[in-house]
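Worksheet for the structure shown next.
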Amino acid sequence: MNPTTPDGEMSKAQLKKLKAKQEKEAYKAAKAAAREEQDASASAMDENDPLKENYGDMRMVQSVEVTGKKWTRVEALNEQLVGEVVLVRARVHTVRAKGKSAFLVLRQRTSTVQVVFFVNDTTISKGMVKYVASLPKESIIDVEGTITTPEAPVDGCTQRMVEIAPTKVFCVSKSEQRLPFTLEDATRTEAELEANPELPRVGQDVRLDNRVLDLRTPANNAIFRLQSSVCQLFRSALMTQGFTEIHTPKMIGGTSEGGAAVFRFQYMNLGPGCLAQSPQLYKQMAICADLERVFEIGPVFRAEDSHTHRHLCEFTGLDMEMQIYEHYFEVLDVLDTLFVTMFDGLSKDNADLVSTVFSQYPNTPFKYSSPSLRLTFEEGVAMLHAAGVMVDPFEDLSTADERTLGKLVKEKYDTDFYMLHRYPAKIRPFYTMPCPDDPRYSNSFDIFMRGEEIISGAQRIHEADMLEQRAGECGIEVDTIQSYIDSFKLGASPHGGCGVGLERVVMLFLGLNNIRKSSMFPRDPKRLTP
């Protein structure tokens, strides 16, 4: 330590440290000012340039007028448009300038196209090339020009067989010159990084801290468009089978699933409340209200202090519930149709997006069968025992056991997707119906993708007395779910259902190694922003 002198003045060491700090800050400020001056000089237009009206910074878009201009999507640029004039708005992906020429690559979501500038006497001036060269990466610009055929396919772009010969370039929104990381670095594959350790590696925390920039990579953009497709396919497939979409409360008076993994809060002057661990109780109440078949897509909250590749504190739940007539296999039949429809839609209708993800995160295509494979829990345990993995037949499978079973299933049945049903009763939630032939088991099921569980479901108890007894046995305060139990006292249809995490489905279909890659703004025990 360097204490101050008795009269309160700084010591020599402190003064020296302060001076060094001030000099460092002054140097940084001068450097930043010089850089801004250089950028301003580079982007400044030559007032004597006869083409100065064809490039520059656009006036801020403030909804002043409607011009009737038509913008063309980058993905729509192809050989059929050669010779036509188009207007494109996209980001500056890369720009290379040398002398009287510049090569600019525009990026729009996962599509890219090259724009070629060569100084001439009519459309492109030195000032325009200089201006284009000064544009920071990630800036949004408008380019107007003619679609032409390149001398050779442009291998670095998705629109390989065309390029744009520009006549006008205007910057709509300029990015900062210095980015937290470049998209070039953020799009490298693991193989590229291992082959050349000198290449910059963008870590997960850096990506998540700058998530908006990270989401612009083609793979990430594709991941969340695929996630959107999962929701659309889930919704349409169930509505085709007679389901009604519902929306249930996320602030509730008691726990949904039991256990301690719940976010608690004080609700106004009424007392303690919880964030819903699932829409479970309300789905069942909807069945009691004669909606017969319901589903919901909404947030789910779990206060689990789990730091794993597959757990989040908030995720999007895809939930369904339906009345049954005889057997919980009726639920499995619906789920079979649902997931085959979803997998078909992702594999066939979104093959280009899957390919974009695999270009950065290579993996084998997801394999599934129709109808889907079904095994009992006992059969799964027997497969593990036969492989030398000793597990308790009445305890839940560990994550490692589930992965091993997934590998065994893949080897024997050549599928990444299967259903495991008739789980031990003691490891299931309080509302799960016991098996009539052996109360040690339950009418329940889990569903797996690539050896990891994505779904937990069951036939539910629909008799109020039995339900109240089971809740008490599981340590749930019955008075906090009394309205739920009371709904079964007015006559309730036998029913069953399940819940699945959207992010986990996307992660496992694509074979990603971390659920944070399939969560747009993940919430885990260490992250509450952005």
List the atom of [X], the atom of [Y], and the distance in Å for their closest heavy-atom pair.
X: N363; Y: G511; answer: ND2-O, 2.8 Å
X: A219; Y: Q360; answer: CB-OE1, 3.3 Å
X: C274; Y: V262; answer: CB-CG2, 3.5 Å

Reported [atom1]-to-[atom2] distance for the pair [X] and [Y], which is rounded to 0.5 angstrom:
X: N220; Y: R225; atom1: CG; atom2: CZ; answer: 13.0 Å
X: R211; Y: L208; atom1: CZ; atom2: CG; answer: 5.5 Å
X: R207; Y: R516; atom1: CZ; atom2: CZ; answer: 14.0 Å
X: I252; Y: L281; atom1: CD1; atom2: CG; answer: 6.0 Å
X: N350; Y: K348; atom1: CG; atom2: NZ; answer: 12.5 Å

Around atom CE of M60, are there more than 12 heavy atoms of other residues, nucleotides or ligands at under 6.0 Å?
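No.
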[X]/[Y] ion pair, N-O < 4.0 Å:
X: D205; Y: R527; result: yes
X: R216; Y: E138; result: yes
X: K137; Y: E176; result: no
X: R422; Y: D437; result: yes
X: K283; Y: E296; result: no
X: D438; Y: R440; result: yes

Once the angle between the rings of F448 and Y418 is folded into 0 to 90°, is it parallel (under 30°), tilted (30 to 60°) or perpendicular (over 60°)?
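Plane angle under 30°, so parallel.
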Can you say whether the rings of F509 and F366 are parallel (under 30°), tilted (30 to 60°) or perpendicular (over 60°)?
tilted
For the rings on Y282 and Y484, is their centre-to-centre separation under 6.0 Å?
no
Indicate, with yes or no, if the rings of F339 and F417 have centres closer together than 6.0 Å.
yes
Any side-chain donor near an acceptor of the partner, [X] and [Y], under 3.5 Å:
X: D336; Y: S372; answer: yes
X: S369; Y: K367; answer: no
X: E402; Y: S398; answer: no
X: H495; Y: Q284; answer: yes
X: S456; Y: R428; answer: yes

What's the verdict on salt bridge (Lys or Arg N to Asp or Glu O under 4.0 Å) for E321 and R293, showing C-alpha distance, side-chain angles and the deciding distance?
CA-CA 6 Å; E321 202 78 19; R293 292 184 164 200; over 6 Å; no
Walk me through it: do D416 and Y368 pass the test side-chain hydrogen bond (donor to acceptor under 3.5 Å, both in side chains)?
CA-CA 6 Å; D416 289 313; Y368 57 99; over 6 Å; no
